[in-house]
Amino acid sequence: MELSAEEWQAVRLSLDVALRSVALGLVPAVLMALLLSRGRFPGRFLLDALVHLPLVVPPVVVGWALLMLFGLRGPIGGPLNDWFGIRLVFTTEGAALATAVMSFPLIVRAVRLGLDQVDPGLEAAARTLGAGRVDRFLTVTLPLMSPGILAGAVTAFAAGLGEFGAVITFASNIPGETQTLPLAIYSATQSPGGEAVAARLAGISLTLAVAGLLLAELIARRMHLLLGRG
Amino acid sequence: MELSAEEWQAVRLSLDVALRSVALGLVPAVLMALLLSRGRFPGRFLLDALVHLPLVVPPVVVGWALLMLFGLRGPIGGPLNDWFGIRLVFTTEGAALATAVMSFPLIVRAVRLGLDQVDPGLEAAARTLGAGRVDRFLTVTLPLMSPGILAGAVTAFAAGLGEFGAVITFASNIPGETQTLPLAIYSATQSPGGEAVAARLAGISLTLAVAGLLLAELIARRMHLLLGRG
Amino acid sequence: MLEVALRHRYGRDGFALEAAFGVAEAGVTALFGPSGCGKSTILAAVAGLLRPDSGRVVLDGTVLLDTARGIALPPERRRCGVVFQDARLFPHLSVAGNLRYGQKRAPPGATGPGFEEVVALLGLAALLDRRPARLSGGERQRVALGRALLARPRLLLMDEPLAALDAGRRAEVLPFLARLRDAAGLPILYVTHALEEVDALADRLVLLQDGRVLAEGGVEALTARTDLPLAARRDAGTLLSCQVGGTDPGGLTRLDFAGGTLLSTARPEPVGTRLRLRIRARDVAVATEEPHGLSTRNILAAEITAISPGSGPQEVFLQLAIGPSKLLARVTQDSVSRLGLAPGKQVWALLKAVTFDHLGAAR
Amino acid sequence: MLEVALRHRYGRDGFALEAAFGVAEAGVTALFGPSGCGKSTILAAVAGLLRPDSGRVVLDGTVLLDTARGIALPPERRRCGVVFQDARLFPHLSVAGNLRYGQKRAPPGATGPGFEEVVALLGLAALLDRRPARLSGGERQRVALGRALLARPRLLLMDEPLAALDAGRRAEVLPFLARLRDAAGLPILYVTHALEEVDALADRLVLLQDGRVLAEGGVEALTARTDLPLAARRDAGTLLSCQVGGTDPGGLTRLDFAGGTLLSTARPEPVGTRLRLRIRARDVAVATEEPHGLSTRNILAAEITAISPGSGPQEVFLQLAIGPSKLLARVTQDSVSRLGLAPGKQVWALLKAVTFDHLGAAR
Amino acid sequence: AQQPATVFAAASLTDAMRALGQEWASRGHPAPRLSFAASSALARQIEQGAGADLFLSADEPWMDYLQSRELIVNNSRISPIGNALVLVAPTTPTRAPVALGRGTDLLALAAGGRIATGDPAHVPVGRYAEAALRWMGQWEAIAPRLARADNVRSALLLVERGEAPLGIVYATDAAASRGVAVLGTFPAGSHAPITYPFAITRRAAGNAEALALHAFLAGPDAVPVFERFGFRLAR
Ligand SMILES: Nc1ncnc2c1ncn2[C@@H]1O[C@H](COP(=O)(O)OP(=O)(O)OP(=O)(O)O)[C@@H](O)[C@H]1O
Ligand SMILES: Nc1ncnc2c1ncn2[C@@H]1O[C@H](COP(=O)(O)OP(=O)(O)OP(=O)(O)O)[C@@H](O)[C@H]1O
Ligand SMILES: [Mg+2]
Ligand SMILES: [Mg+2]
């Protein structure tokens, strides 16, 4: 299967965006999961709902909201541009941000499930051995919840490969910068007779996802060993 | 906040579609999760990737593929219509189907995480007590993995409330039949000055999601008690 | 009745098991050995939860496992009740739910103790509605025991089932297990490292070390041997089969054995009941002249048949014959020379009536 | 040194705990009682893992908990090492990683046994790279023990730490714990239902029943009492403090106690070592005339000070005074009448030299 | 009563068709059922047997697509309304209008920013913009500087938010937005006429209600409504 230069670019960009979005979202998602699962504060419930927001509104609306916030005239995007010269709209970074926002609820959910797996008895044991909150988290909770984190990352990566509405609205469809595979696929389906191209690109997407899953499977096996479940 | 009759309809329809999609997807997702987590067969890996397909291609493409398969002239939709008089395209059922397909990978992931939580030692104990495969699954594995199933259902419900691309492509945007909230939101953004309407509808979406989450939280608490973790 | 031959190795150069033993009739076979010697591994393989590298397990003529012929019955069709070292209760079921789990799945024809009976005997009545998470360690183990019993298994596998029970509860449960064994004609593989439990329950002993069978045989024969690691234990001794003969004018119970009669503090068993007494070597003293004015009630004429080294340098085991019965006495080397003890010498064996509180159950 | 007062109730009408006890100096305090009496609950509250309804725990002047004043130190700042009933090893760390976990977090100044020493004593050398999932039950408990020790705690809490160990390993670990206790001046709360462990380790005993303290005090005092449930156990008896006095011409060790001397099979301890002997009531016989030609080596003049009912109908406890020391003898009612035993009567107490293999450690 | 007609209309006709639907209902007809989506999606749905009676497309190729598959009533295909292509900029800062001709340097006007429009690959407005830019001889230079949105509303939004200093959109959208000002209109000859083909689907061939609605939409009574939303009559 021959890929045109532009298609290659879309493949590279998709990988880039999907990976960056995972990198961007993972740590906040873990923290959010902790806050939501372990925190006891008023408004916890509202925060939980808010986290799910990108899931419940159409992606286009998310992109639109991002534009309001991170655009040059937005309350975050403005200062970001004025003070640091960072622009997100129309850039690969912006595409990654939009993708990260979209997959955020997916990671948080997976991480929370992973967190629920952690036996509180082991954390209690760590406490009696003198491990404080952060120490205990890093040395016991985090390693034990890592299957959930991995699952979240994989789901986010796969979803990132397919993210479309938010990206095209927020970052537009600029070949080489923000035209990821789904945007190219979408473009193809929008023209009469573009089905063949679309199908081929979808095949590439799937291949990437398979590669990601394979990797995750390998990591998961290793992790199982590391977690002593081997 | 006053809702127009059409908006009310969209709200009802969204709930309807989201709930039906969960109902439709849950059992197959649990079976798929079992197959993928416990099965040992060649091609397991490919199946795993295939399950993720709706996640990695743009929703519009999923809708398009569904249209090709389940359309009146499609290889499945044709016979379904000719022989049983069942039509999926352009109906509420179709919207639910499209939504179910889109959220399928999310449920499968969550259910698999839940399944990993089940202590194999307990299943072994059930075996020695004479419980065969199905019996053991229903009386031990299923109850113990239920937090994962619940999490999957909630995520799917929330995602179902927001599903847009696949629905509009497969089921069209017909008020009262397939125009769910996200489609109404989309329509609103297509009108100049429709932002206010869109924002209001998004607010309704969020409210529904919050209600769903609240319910899930209550169920989860009860479940925790039932699982003896109280 | 039960035939076990197993070979298994964990990993490439991990622990290796190579053990075979047979059990001819119903009753309790204790697997006895130090931590890490492979006891739990054997149970897992017999229950079908571990697939050994190779092996054969036959129960009552049914082949449960025969790797050579490619047979491996799944655990759910083996009907081996297992009491796990870590109770493994179902967390989502109440205590009652756990107990009934196996009961519901027992074949319709199978007999065994009823729900009420098991609940009463294990003291679970107050806990029935409780979830396992809210039980203490000992309570959990009792429920696990009840659950396995109610499944009416053909073979019972128990992995240190009493280790988490206090002495009082253990003393209560032991006779129940013994009764169960006798009533049901059920073979039991019993992992323990408490000789007390071996005495009370076991008919046969399989001594394990490093994954191999060191010795195997009847408990009475094996515990009388002074060349096994068992003899080094402070509770080494012999088992004596006897029968309740009646009550002494002083209120003590007469226990007749082949070769004589012992007096014990009162036993509840009716006359004629067969009992097994563990006579521990440390409890037996000998005298060269008949003693008088002694609180010790049992003073029996015996002959020294052999003197073998004891576990310590100053200690020896005297093997005593009282008629056809054998006893071991643990005395100091010093006493041997002081009293001129030697094989063939006639002595008096002294046994306190209160040392028989520790009785094996009837067989 | 340690002061504990706790009140707690599980749920609305669940198990209720109301227990208070104090420990004046370093050493082992055994919490002893039947399954479900609240032992694990007390440990959890002292460690800070359970917040009791109300209570106060003070260790060496540091208030760990005082609900009245709203003080509740988090577990990680209490420095209470805990050996849990269910080992609770970190599954993602190797055995070595588990052991080092606490060690790394010990305050720099704290002293205690080193890594190598702990590994050697608990026999863990071959397991260091293993994951907990691949350990046998007993191995797991040994690692948990080592992990708690290496955290160099100010107080050690142990929940039936030896229940999963076989007798051999237990006998190895016991003196290690005793040495640790002595060297570190570490108070230890020790949950067990084995009197053997109480004898070997405990200085003080807290007897619990149904969440309440039944009796509390020094082990020697408490075990000599015939009115406590302890006396019903077959291993009831007294503890006798003594000192290694030298070697007898016959090779036996002379143990001097206040009021006389006992001969025991050879002891490895040097002359002058203080030991604690458990003299179990069942091992003591009495004679009204001095016996001759007996293998029993210890024949001591004693006076009956009291006769109290024993655990069975035909049994009594004789309280014997040998100089200032006290002994209990368990004899039949029949012997009492037959030999005319009564308080004030002079008798001979008979103790076999081989029954002292079961020695409490030095204090 | 008469069955309401089902109308599949391009998303850009949303407001106009809603108004016309009400108008139609006020004349005693059942209110038509309206489904708005991208022309591509609607065409494919009709191909798969969707129950549409009328198809109002935003561009000719998708109508050709259906016609080549004999899914519309050929002689019902008309293009009654059209639109104009305009260059827009954010209202602030206020900018002087420009007369758009071959010589207008759009890149200079954009001052380093991007020019937002629909994706020329598939969004009709983008295709018209491409044609106009080619006509101006600036396509090669501007193509990499385009911000390609997936529909005209998104392109407009990018200009409203100031992300793109310039945008090429329909006159109808520009007129409805308070956030953009029209800098100039592309000459009519710079691109193919912007038309909205309407047709009756084949399944509705004998449907009187569909026929009547089609006639209404193509007739003079609909003109003022279309004009109110900025559409112009097709030449
Ligand atoms: N899954 C495993 N992988 C590798 N080695 C194992 C595994 N399970 C057990 N072992 C090793 O096999 C040996 C036997 O284990 P087993 O659990 O049968 O011992 P055990 O006799 O039951 O001991 P205990 O009395 O301590 O429970 C031990 O040395 C243990 O470390
Ligand atoms: N979480 C809980 N909720 C309700 N009741 C509980 C809970 N944990 C323990 N109990 C009850 O409290 C009592 C004391 O439990 P605890 O674990 O302290 O007993 P224990 O003395 O350690 O017993 P064992 O020797 O069997 O371990 C038991 O009756 C138990 O059923
Ligand atoms: Mg074991
Ligand atoms: Mg306990």
**Q** Count the heavy atoms belonging to other residues, nucleotides or ligands that lie under 6.0 Å from CZ of C:R9, then report whether that count exceeds 12.
**A** yes
**Q** Please classify the contact between C:L89 and chain B as side chain, backbone, both or neither, with a heavy-atom cut-off of under 4.5 Å.
**A** backbone
**Q** Decide side chain to side chain contact (heavy atoms under 4.5 Å, CB included) for B:T139 and C:F90; before the verdict, give the C-alpha distance in whole Å, the side-chain angles of both, and the deciding distance to 0.1 Å.
**A** CA-CA 10 Å; B:T139 55; C:F90 301 126; over 6 Å; no
**Q** To the nearest 0.5 Å, tell me how far B:L144 CG sits from C:L93 CG.
**A**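 One gets 8.5 Å once the value is rounded to the nearest 0.5 Å.
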**Q** Between C:R88 and B:A124, what is the shortest heavy-atom contact and its length?
**A**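 That closest heavy-atom pairing would be NH1-CB, 3.9 Å.
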**Q** Let me know if C:P74 has heavy atoms under 4.5 Å from chain B in its side chain, its backbone, both or neither.
**A** both
**Q** Please indicate whether C:R12 has more than 12 foreign heavy atoms, meaning atoms of other residues, nucleotides or ligands, lying under 6.0 Å from its CZ.
**A**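 Result for CZ/C:R12: open.
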**Q** Identify which part of C:R147 has an atom lying under 4.5 Å from any heavy atom of chain B, answering side chain, backbone, both or neither.
**A** both
**Q** Would C:R105 and B:D135 count as a side chain to side chain contact (heavy atoms under 4.5 Å, CB included) here? Give the steps.
**A** CA-CA 10 Å; C:R105 284 158 185 82; B:D135 182 1; 2.6 Å; yes
**Q** At a heavy-atom separation under 4.5 Å, does C:R78 approach chain B through its side chain, its backbone, both, or neither?
**A**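 Neither part.
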**Q** To the nearest 0.5 Å, what is the distance between CZ on B:R127 and CZ on C:R77?
**A** 11.0 Å
**Q** Rounded to the nearest 0.5 Å, what separates atom CZ in C:R79 from atom CG in B:L129?
**A**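 If I round to the nearest 0.5 Å, the distance is 12.0 Å.
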**Q** Identify which part of C:A148 has an atom lying under 4.5 Å from any heavy atom of chain B, answering side chain, backbone, both or neither.
**A** backbone
**Q** Does B:R133 have more than 12 heavy atoms from other residues, nucleotides or ligands lying within 6.0 Å of its CZ?
**A**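 Open: at most 12 neighbouring heavy atoms sit under 6.0 Å from CZ of B:R133.
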**Q** If you draw a 6.0 Å radius around CZ in C:R7, do more than 12 non-hydrogen atoms from other residues or ligands fall strictly inside?
**A**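 No, CZ of C:R7 has 12 or fewer neighbouring heavy atoms, counting only those of other groups under 6.0 Å.
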**Q** Within a strict 4.5 Å, meaning less than it, do heavy atoms of the C:P91 and B:D119 side chains meet?
**A** no
**Q** Would you say B:R20 has more than 12 foreign heavy atoms packed within less than 6.0 Å of its CZ?
**A**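 Yes.
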**Q** So which of C:G81, C:A47, C:P75 has the largest heavy-atom pair count under 4.5 angstrom toward chain B?
**A** C:P75
